[in-house]
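Read the structure below first, then the notes.
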Amino acid sequence: MYTTKFSVSAPRNFSFWRTVFSHGWCSLPPFKVDKERHTFERLLELRDGTLVHCVMRETSTGFRVQAQSGKPLGDSQKKEMRDQLRACMRLGDDMAPFYAEARKQKPFRWVPRLGAGRMLRAPTVFEDVVKMICTTNCSWALTEITVENLTTKLGKQFNPAVDGAGGAEYSFPTPTALASATEKFLRKEIRSGYRSPYLLELAENVASGKRNLESWRTSTLPTEELFKEVRSVKGMGDYAAGNIMRLLGRYDYLGLDSWVRAQYYTLHKQGRKVGDKTIERHYAPHGKWKGLFFWLDMTKSWYNHQFPF
DNA sequence: GCGTCCAGGTCTACC
DNA sequence: GGTAGACCTGGACGC
């Protein structure tokens, strides 16, 4: 096993742990938080298929990475590994305009002060979309089971030395790997139920080049058109597409689900139910940032106690 | 241990 | 454009 160590510097307004805990993604493999060691881990798969297990630790200027691989890494592989981690942690996102808006509004002045607002994402849009479909119409516990099954049964195993003796890590399946599964396998082994044909169709379209999800992160399409494209993936309704938009850096949609609706009723209506249009109206003044203001408003309590551990 | 009911978004058919 | 019903699973609950 070969070890590579390097540091990643981040903008001054970056908060390592607030990015990691920005939403549920950090607890879905191949991401992993080790609360005892205070590390954030991720098994990356590089374009050439090389697996690299990265352990990240917060530093005063960003984070430090200790990466393990089966073979020594070349310069281009090291660059790709760094680029993937930067993409996950949203280091390329310019948060200054959003923070300037947040500073103008008293209820949101805590956001720039704490460095909140960067939302963790996967190295690929494909992984984000597959995981998002796995969150639809089910409990979080089932999402965790489904994603765990996807990695252990269709991903690649890292650390062959232990070979099933515990401690092995698995990568997230590539589009080709997922496309090679049958619907029956997905239903029975992955437990993805009626979502199985949606996942298969998506994987087949990406693997064949019919759909290029990765272009969404750099797309110049107007937000409304990009949303329509995201929404055109079978299994992606308003909730799922709205949340994917946030991971693409577009914050015009709220991505409402039952949990955030309940949060809104509690925080703003004394528990009284209201329609989605009322919620939309509440955040409309925030313009193109409304989806991010909304999410931070709903999750503010996460930041109230000592953070992160 | 077994059966029943419910919650959770999206799709499709229908009005 | 709006709505009802089906889709599938895990968990809660009653027996």
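Lettering follows sequence order; numbering is per chain, from 1.
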query = What string of B, S and - do you get for nucleotides 8-15 of chain B 5' to 3' if you count protein non-hydrogen atoms under 4.0 Å?
reply = BBSSS---

task = Give a yes or no on whether the ring-centroid distance for A:Phe294 and A:His286 is below 6.0 angstrom.
result = no

Side-chain donor-acceptor contact under 3.5 Å, A:Trp140 with A:Glu144 = yes

key: Short N-O contact, A:Asp252 and A:Lys290, less than 4.0 angstrom   = no

query = In whole angstroms, how far is the C1' atom of C:dG10 from the CG atom of A:Asn149?
reply = 13 Å

ask   = Between residues 178-192 of chain A and DNA chain C, which residues have a heavy-atom gap below 4.0 Å?
value = A:Arg187, A:Arg191

key: d(CD1, A:Ile145; C1', C:dC8) in whole Å   = 13 Å

query = Quick one: CG on A:Asn212 to OG on A:Ser219, what's the gap to the nearest 0.5 Å?
reply = 10.0 Å

request  = Could you check if a side-chain atom of A:Leu247 sits within less than 4.5 angstrom of a side-chain atom of A:Met119, using non-hydrogen atoms only?
outcome  = yes

task = Please determine if A:Glu80 and A:Arg86 form a salt bridge, counting it only when a charged side-chain N lies under 4.0 Å from a carboxylate O.
result = no

inquiry  = Check this for me, if you would: do A:Lys104 and A:Glu101 make a salt bridge, where the nitrogen-to-carboxylate-oxygen distance has to be below 4.0 angstrom?
reply    = yes

query = Is the distance between the ring centroids of A:Phe293 and A:Tyr251 under 6.0 Å?
reply = no

